[in-house]
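Here is the structure we will look at, set down as structure tokens.
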Amino acid sequence: MERTYVMVKPDGVQRGLVGEILKRFEQRGYQLLALELIHPTKERLEEHYQDLKTKAFFPSLVEYMMSGPVVGMVFSGLDVVKGGRKMVGETNPLNSLPGSIRGDFCICVGKNIIHASDAVDSAEREIALWFPNGVKNYASPLLGLLYE
């Protein structure tokens with residue numbers, strides 16, 4: 001089983017979409033391992049978005065992400081990184097299909113509601129960054145209903 005990091009960004013939290021997003025991941029069959037309301041620091045955001053530091057929009061991205069609390073979540077499941085990204089939709093909401101989170105709730109790339117890890121290694125790096133005390137795994141009895 002893989003793990004992935006999902007973060008509802010300040011606009012998603014302020015719009016009251018945390019429950020809907022959590023519901024979609026759980027209904028898909030992914031197991032919630034951790035959830036926390038976080039007030040991100042500039043340093044943590046700079047580390048999280050380190051691959052974007054050279055981009056012109058980086059300062060405004062960090063400012064936007066510090067504008068309110070975020071909700072960090074860890075999910076596990078078979079191919080959860082790839083499946084989670086598909087559920088989230090494209091970075092640019094205009095390219096996202098209806099039924100995806102961004103396709104249903106977003107208009108603008110600069111306020112696109114949600115982050116989901118793009119690879120297994122980045123998921124583990126992000127989980128360690130946002131949940132420094134670790135994440136507890138547990139075996140849900142429902143796994144037998146979801147997997148062969």
- request: Find out if a path of hydrophobic residues (ILVMFWY) with successive side-chain heavy-atom gaps under 4.5 Å connects Met65 to Phe105.
  value: no
query: Partners of Tyr30 by ring-ring contact (aromatic ring centres under 6.0 Å, His included), sequence neighbours excluded?
result: none
query: Under the salt bridge (charged side-chain N to carboxylate O under 4.0 Å, His left out) test, which residues partner Glu36, sequence neighbours left out?
result: none
message: Using every non-hydrogen atom in the two residues, find where Leu146 and Gly29 come nearest and quote the distance to one decimal.
response: CD1-O, 3.3 Å
message: Using every non-hydrogen atom in the two residues, find where Val62 and Leu45 come nearest and quote the distance to one decimal.
response: O-CD1, 3.8 Å
task: Could you give me the CA-CA distance, side-chain angles and deciding distance for Met87 and Ile21, then say whether side-chain contact (heavy atoms from CB on, under 4.5 Å) is met?
output: CA-CA 10 Å; Met87 289 173 59; Ile21 290 167; over 6 Å; no
query: Should Val13 and Met73 be counted in the same cluster of Ile, Leu, Val, Met, Phe, Trp and Tyr side chains packed under 4.5 Å apart?
result: yes
query: Just by distance, do the side chain of Glu2 and the backbone of Val80 share a donor-acceptor pair under 3.5 Å?
result: yes
- line: Applying ring-ring contact (aromatic ring centres under 6.0 Å, His included) to His48 and not counting sequence neighbours gives His115, Trp130
- prompt: Would you say the side chain of Phe25 lies within less than 4.5 Å of the side chain of Lys23, judging by non-hydrogen atoms?
  reply: no
field: Under the side-chain contact (heavy atoms from CB on, under 4.5 Å) test, residues paired with Ser122 that sit two or more places apart
entry: Ser117, Asp118, Ala119, Glu126
task: Check side-chain contact (heavy atoms from CB on, under 4.5 Å) between Lys53 and all other residues, then give those that pass, not counting sequence neighbours.
output: Glu46, Phe58
message: Would you say CZ of Arg28 has more than 12 non-hydrogen atoms from neighbouring residues, nucleotides or ligands within 6.0 angstrom?
response: no
task: Name all pairs fulfilling the side-chain hydrogen bond (donor to acceptor under 3.5 Å, both in side chains) condition that reach into residues 5-19, sequence neighbours left out, sorted by first residue then second.
output: Lys9-Asn112, Asp11-Tyr64
- request: Would you check if Leu22 and Phe75 make a side-chain contact, meaning some heavy-atom pair closer than 4.5 Å?
  value: yes
field: Distance in Å, Ile38 CD1 paired with Leu35 CG, rounded so as to fall on 0.5 Å steps
entry: 8.5 Å
- request: Any chance you could measure Leu17, atom CG, to Ile114, atom CD1, to the nearest 0.5 Å?
  value: 9.5 Å
message: So, taking the atom named CG in Leu52 and the one named CD in Gln50, what distance separates them when rounded to the nearest 0.5 Å?
response: 9.5 Å
- request: Indicate the atoms forming the closest heavy-atom contact of Gly68 with Pro40, along with that distance.
  value: O-CD, 3.9 Å
query: In terms of hydrophobic clustering (I, L, V, M, F, W, Y; side-chain heavy atoms under 4.5 Å; direct or indirect links), are Leu32 and Leu37 co-clustered?
result: yes
statement: The reported gap from NZ in Lys136 to CZ in Phe131 (rounded to nearest 0.5 angstrom) is 13.0 Å
query: For Ser140, what residues pass the side-chain contact (heavy atoms from CB on, under 4.5 Å) criterion, not counting sequence neighbours?
result: Gln31, Tyr138, Leu142, Leu143
message: List the residues meeting side-chain contact (heavy atoms from CB on, under 4.5 Å) with Glu90, not counting sequence neighbours, and say none if there are none.
response: Asn95, Ser96
- request: Using the rule that two of Ile, Leu, Val, Met, Phe, Trp, Tyr join whenever any of their side-chain heavy atoms come within less than 4.5 Å, decide whether Val6 and Val71 are in one cluster.
  value: yes
query: Does atom CD of Glu20 have more than 12 heavy-atom neighbours from other groups under 6.0 Å away?
result: yes
task: Only pairs at least two apart or in different chains count here, so list each salt bridge (Lys or Arg N to Asp or Glu O under 4.0 Å) that has a residue in residues 94-113.
output: Arg24-Asp104
- prompt: side-chain hydrogen bond (donor to acceptor under 3.5 Å, both in side chains): which pairs involve residues 71-89, sequence neighbours left out?
  reply: none
Partner residues of Glu124 under the side chain to side chain donor-acceptor pair (under 3.5 Å) criterion, sequence neighbours left out: Arg3
- request: Report the distance from atom CE of Met66 to atom CG of Leu61, rounding to the nearest 0.5 Å.
  value: 11.5 Å
task: Supply the members, apart from Ile107, of the Ile/Leu/Val/Met/Phe/Trp/Tyr cluster built from side-chain contacts under 4.5 Å; use none for a lone residue.
output: none
task: Could you state whether Val70 and Val109 fall into the same hydrophobic cluster, counting links through intermediate Ile, Leu, Val, Met, Phe, Trp or Tyr residues with side-chain heavy atoms under 4.5 angstrom apart?
output: no
query: Can you find a pair of side-chain heavy atoms, one from Tyr49 and one from Lys55, that are under 4.5 Å apart?
result: no
